[in-house]
> 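So that we are looking at the same thing, I have put the structure below in structure tokens.
As the structure lists them, so they are numbered: ligands from 1, and atoms in each ligand from 1.
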Amino acid sequence: MSAPTALMPVPRALERLLAAARPLGREQTLPLSEAGGGWLALPVSARVDMPPHDNAAVDGVALRFAELGEAPLTLPVTLRVPAGAAPGELAGGGVARIFTGAPVPAGADTVLMQEDCRFTEGAVTLPARDGVEAGQNIRPAGQDARHGDTVLAAGARLTPMALGLAASVGVPELTVRRLRVTILSSGDELQDPAEAPRPGKIYNSNGPLMAALLQQSGFPDVTPLWLPDDRAATDRALDALLADPDHRPDLVLASGGVSVGEEDHLRAALESRGGLAFWRLAIKPGKPFTFGDLDGIPFFGLPGNPSAVLVCYLTLVLPFLRRCLGAPEALPMATPVAAGFDVPRAGKRQEYLRVRRLWRDGLAVLEKHPNQSSGMLSSAVWAEGLAVVPVGRTVQAGEPLDYYSFADLLA
Ligand code: AMP
Ligand code: MG
């Protein structure tokens with residue numbers, strides 16, 4: 001076992017992780033209905049102008065602006081254009097009855113709302129030109145995108161909005177980057193939640209927690225494995241992961257077994273293979289965090305405590321993955337929010353507090369869960385996000401802290 005070294009500051013660990021990032025996984029082309037939440041591998045270009053034609057923004061009347069008079073004027077309705085009709089042409093001296101989304105007929109240049117017009121049999125009385133703007137109520141062709149424009153860049157996360165935009169420009173399938181992830185849950189104390197409780201055991205919560213975090217981050221292809229606290233068994237399991245070149249994972253995410261106890265074998269097994277890059281961070285919770293390379297596969301050894309797994313995944317693993325996938329921003333953006341509590345003693349580790357926001361006199365204030373134990377998950381369920389207390393900082397109520405909602409962290 002290597003001698004414990006000084007704790008690595010979180011910003012330095014992030015620098016090292018982002019520098020180690022490289023493209024992972026493989027490309028897969030999926031229909032829009034299956035691509036949601038994924039990460040684009042290839043950019044998306046518009047196959048048509050969107051909208052494809054100038055179209056009416058309201059239900060009403062399309063006309064030539066120049067034909068409006070100084071006083072109200074009645075003109076015949078010579079054309080009817082519902083949504084979905086092919087673009088037609090408006091002859092001079094008449095107007096078109098038009099509906100929202102319908103193509104503006106050639107010749108017409110302005111659309112009036114139907115509320116501003118008076119309809120009679122076959123004709124319509126139009127208001128005076130004063131108060132009407134030439135070109136009003138027309139959404140121009142190509143307003144959203146022009147044929148050939150890149151509407152989504154490689155590395156973009158496929159949000160519902162991104163999927164809608166792809167569909168709007170005629171793209172029915174998207175090429176995403178898919179990762180195979182192996183989750184290792186280590187510990188002789190672990191048992192499956194489906195089993196009856198046994199003496200001395202606890203249920204494995206990190207496995208389902210990590211699988212769900214990965215799923216929410218757009219990585220559904222997850223294989224869970226359990227590892228006993230035994231060095232030989234750990235070595236065998238790691239060998240088995242690497243044995244079949246066609247089924248190697250792209251990423252290994254482990255929990256437990258990376259601390260300094262006699263029963264912590266995972267980090268030692270990684271180290272003996274020459275794959276340990278760094279471990280022991282100035283982070284709370286999550287000090288034993290380990291990063292390395294398992295024969296070319298990025299390996300994250302997260303601590304065993306469930307809240308440490310959550311914090312380390314959100315703040316360290318996911319930024320690394322975003323960078324690997326080419327996302328424009330690897331790090332989430334913090335929002336400054338006033339602390340609703342004091343932190344009277346400066347810490348030696350950057351602390352991530354489980355917090356939620358309260359509204360006092362219309363302003364957000366952070367409330368901290370009273371129990372910040374790293375072994376607890378109920379506090380993380382109670383919380384909306386994390387607030388960061390940097391190394392060496394004390395905090396007085398009212399001072400701003402960097403706040404990250406879970407939604408921002410998982411975006
Ligand atoms: P370790 O890092 O292996 O020393 O584990 C630290 C703490 O986390 C211990 O209390 C373990 O029982 C607990 N722990 C480890 N793995 C899990 C898991 N998969 N689910 C729930 N708790 C765990
Ligand atoms: Mg353990």
> Testing F341, Y352, W382 for ring-ring contact (aromatic ring centres under 6.0 Å, His included) with H369, which one passes?
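It is W382; the other options fail the test.
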
> Could you tell me the residue and atom name of the protein heavy atom closest to atom 3 (O) of ligand 1, and the distance to it rounded to 0.1 Å?
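Among all protein heavy atoms, the one nearest atom 3 (O) of ligand 1 is G257 N, 3.0 Å.
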
> State whether D250 and R26 are salt-bridged, where the test is any N-O pair (Lys NZ or Arg NE/NH1/NH2 against Asp/Glu carboxylate O) under 4.0 Å.
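Salt bridge between D250 and R26, a charged N being under 4.0 Å from a carboxylate O: yes.
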
> Among protein heavy atoms, which sits nearest to atom 21 (C) of ligand 1, and what does the distance come to when rounded to 0.1 Å?
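Here the closest protein heavy atom is S205 OG, 3.2 Å.
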
> For the pair D295 and R248, find out whether any cationic side-chain nitrogen is under 4.0 Å from an anionic carboxylate oxygen.
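Salt bridge present between D295 and R248.
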
> Is the closest heavy-atom distance from G187 to ligand 1 below 4.0 Å?
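For ligand 1, residue contact (heavy atoms, under 4.0 Å) with G187 is absent.
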
> Answer yes or no for G375: is there a heavy-atom contact with ligand 1 below 4.0 Å?
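For ligand 1, residue contact (heavy atoms, under 4.0 Å) with G375 is absent.
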
> If I apply the N/O under 3.5 Å rule, does S259 come out as touching ligand 1?
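N/O-N/O distance under 3.5 Å: no.
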
> Any salt bridge linking R180 with D221? Criterion: basic side-chain nitrogen under 4.0 Å from a carboxylate oxygen.
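Salt bridge absent between R180 and D221.
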
> In terms of atom number and element, which parts of ligand 1 are under 4.0 angstrom from non-hydrogen atoms of N204?
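Contacts of ligand 1 toward N204, numbered from 1: 18 (C), 19 (N), 20 (N).
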
> Using distance alone, decide if ligand 1 has a nitrogen or oxygen within less than 3.5 Å of any nitrogen or oxygen in E189.
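Right, the criterion is met.
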
> Can you tell me the protein heavy atom closest to atom 7 (C) of ligand 1 and the distance?
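Sorting protein heavy atoms by distance from atom 7 (C) of ligand 1 puts N305 OD1, 3.4 Å first.
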
> Does one side chain, of S379 or R354, offer a donor that lies under 3.5 Å from an acceptor on the other?
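Result is yes, a qualifying pair exists.
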
> For the ring-ring contact (aromatic ring centres under 6.0 Å, His included) test, which of F291, W279, Y313 pairs with F300?
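Exactly one candidate clears the test, F291.
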
> Hey, does S186 sit under 4.0 Å from ligand 1 if you only count heavy atoms?
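Heavy atoms of S186 do come under 4.0 Å of ligand 1.
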
> Just by distance, no angles: are the side chains of R177 and Q28 close enough, under 3.5 Å, to form a donor-acceptor pair?
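Absent: no donor and acceptor within the cut-off.
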
> Should one rank L209, I183, I202, N206 by closest heavy-atom distance to atom 17 (C) of ligand 1, which comes out on top?
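Comparing heavy atoms across L209, I183, I202, N206, the nearest one to atom 17 (C) of ligand 1 lies in N206.
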
> To check your reading of the model: name the closest protein heavy atom to atom 8 (O) of ligand 1, its residue, and the distance in Å.
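The protein heavy atom lying closest is G304 C, 3.0 Å.
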
> Looking at D264, which atoms of ligand 1 are within less than 4.0 Å of one of its heavy atoms?
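This gives 3 (O), 4 (O) as the contact atoms.
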
> Below 4.0 angstrom, N of the basic side chain to O of the carboxylate: do E399 and R393 qualify?
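A salt bridge links E399 with R393.
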
> Under a 3.5 Å cutoff, is there a donor and acceptor pairing between the side chains of S185 and N206?
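No donor-acceptor contact under 3.5 Å links the two side chains.
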
> Taking only heavy atoms of Y203, which atoms of ligand 1 are found under 4.0 Å from at least one of them?
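Near Y203, meaning under 4.0 Å from one of its heavy atoms, ligand 1 has 20 (N), 21 (C).
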
